[in-house]
> 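Provided herewith is a single structure, encoded as structure tokens, for subsequent inquiry.
Note: hydrogens, waters and symmetry copies are ignored here, and every other heavy atom, side chains too, is used.
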Amino acid sequence: MPPEPTPDPIDPEVEAGELADLFHGFSQAVDEYRLGDDIPPETPPAQLALLKRQAQELEGFSQRFTAEAIKATLHSIQADLAKIKAVTKEAKTQLGHLKTVSKVISIATAGLSVGTAIVSGNPLSIGKAVEDFGKEVVG
């Protein structure tokens, strides 16, 4: 299968995310094979151990590619980082003073939305999530 043409210029965040997904899936496939019914019963334990280590190393690459994608996202949202940090610190402070579980859940949900938006890499959704998080913490 010929490789797909690389767009010019590439988006490092998108490319790192795609590599993370591919290596994660490959890691899972190696583990599924290792643990599956199709592996010959006479497979030496050393080979099974090697497959396990290889799956773990592939997953490690997936995690590193994810980190690279997040790094690229953070670079693209530098203007929002100070606000994200300030709101997150204030949210932590607020949790020590809140009396209702529902308010804590609301703040935590808003914080999770920020994290999800950052991982998605969409600057518009990040800005909206940060704004909503700030409103939830103040309100």
> Shared ILVMFWY cluster between Val14 and Phe65, side chains joined below 4.5 angstrom?
no
> If hydrophobic residues (ILVMFWY) are linked whenever their side-chain heavy atoms come closer than 4.5 Å, directly or via other members, who joins Leu81 in its cluster?
Ile70, Leu74, Ile77, Ile84, Val87, Leu95, Leu98, Val104, Ile107, Val114, Ile118, Val119, Ile126, Val130, Phe133, Val137
> As an exercise, state the distance from CD of Glu68 to CD of Gln63, rounded to the nearest 0.5 Å.
13.5 Å
> May I ask you to check whether Glu90 and Gln94 show a side-chain donor-acceptor distance below 3.5 Å?
yes
> What heavy-atom pair brings Ile39 and Gly36 nearest, and what distance separates the two atoms?
CG2-O, 3.5 Å
> Are any side-chain N or O atoms of Ser27 and backbone N or O atoms of Ala55, one a donor and one an acceptor, separated by less than 3.5 Å?
yes
> So, taking the atom named CD in Glu18 and the one named CG in Asp11, what distance separates them when rounded to the nearest 0.5 Å?
9.0 Å
> Where is the tightest heavy-atom contact between Ser120 and Ser125, given as atom of each residue plus distance?
OG-OG, 3.7 Å
> Between Thr116 (side chain only) and Ser113 (backbone N and O only), is there a donor and an acceptor less than 3.5 Å apart?
no
> Please report the closest heavy-atom contact between Ala20 and Thr66, naming both atoms and the distance.
CB-OG1, 3.2 Å
> Distance from Leu19 atom CG to Ser62 atom OG, nearest 0.5 Å?
9.5 Å
> Mind jotting down which residue pairs meet the salt bridge (Lys or Arg N to Asp or Glu O under 4.0 Å) criterion with at least one end in residues 33-59? Sequence neighbours excluded, please.
Asp31-Arg34
> Checking Thr93 side chain against Lys89 main chain: does a donor-acceptor pair fall under 3.5 Å?
yes
> When you check the gap from the basic side-chain N to the acidic O, do Glu131 and Lys128 get nearer than 4.0 Å?
no
> Enumerate the side-chain hydrogen bond (donor to acceptor under 3.5 Å, both in side chains) contacts for residues 99-108, please, sequence neighbours excluded, ordered by first and then second residue.
Lys103-Glu136
> CG of Asp21 to NE2 of His24: how many Å apart, nearest 0.5 Å?
8.0 Å
> Side-chain heavy atoms nearer than 4.5 Å, only ILVMFWY residues, links allowed to pass through others: does that put Leu58 and Leu22 together?
no
> Search all heavy atoms of Asn122 against all heavy atoms of Leu124 and return the closest pair with its distance.
OD1-N, 2.9 Å
> Answer yes if Leu50 and Val30 sit in the same cluster of Ile, Leu, Val, Met, Phe, Trp and Tyr residues linked by side chain heavy atoms under 4.5 Å apart, and no otherwise.
no
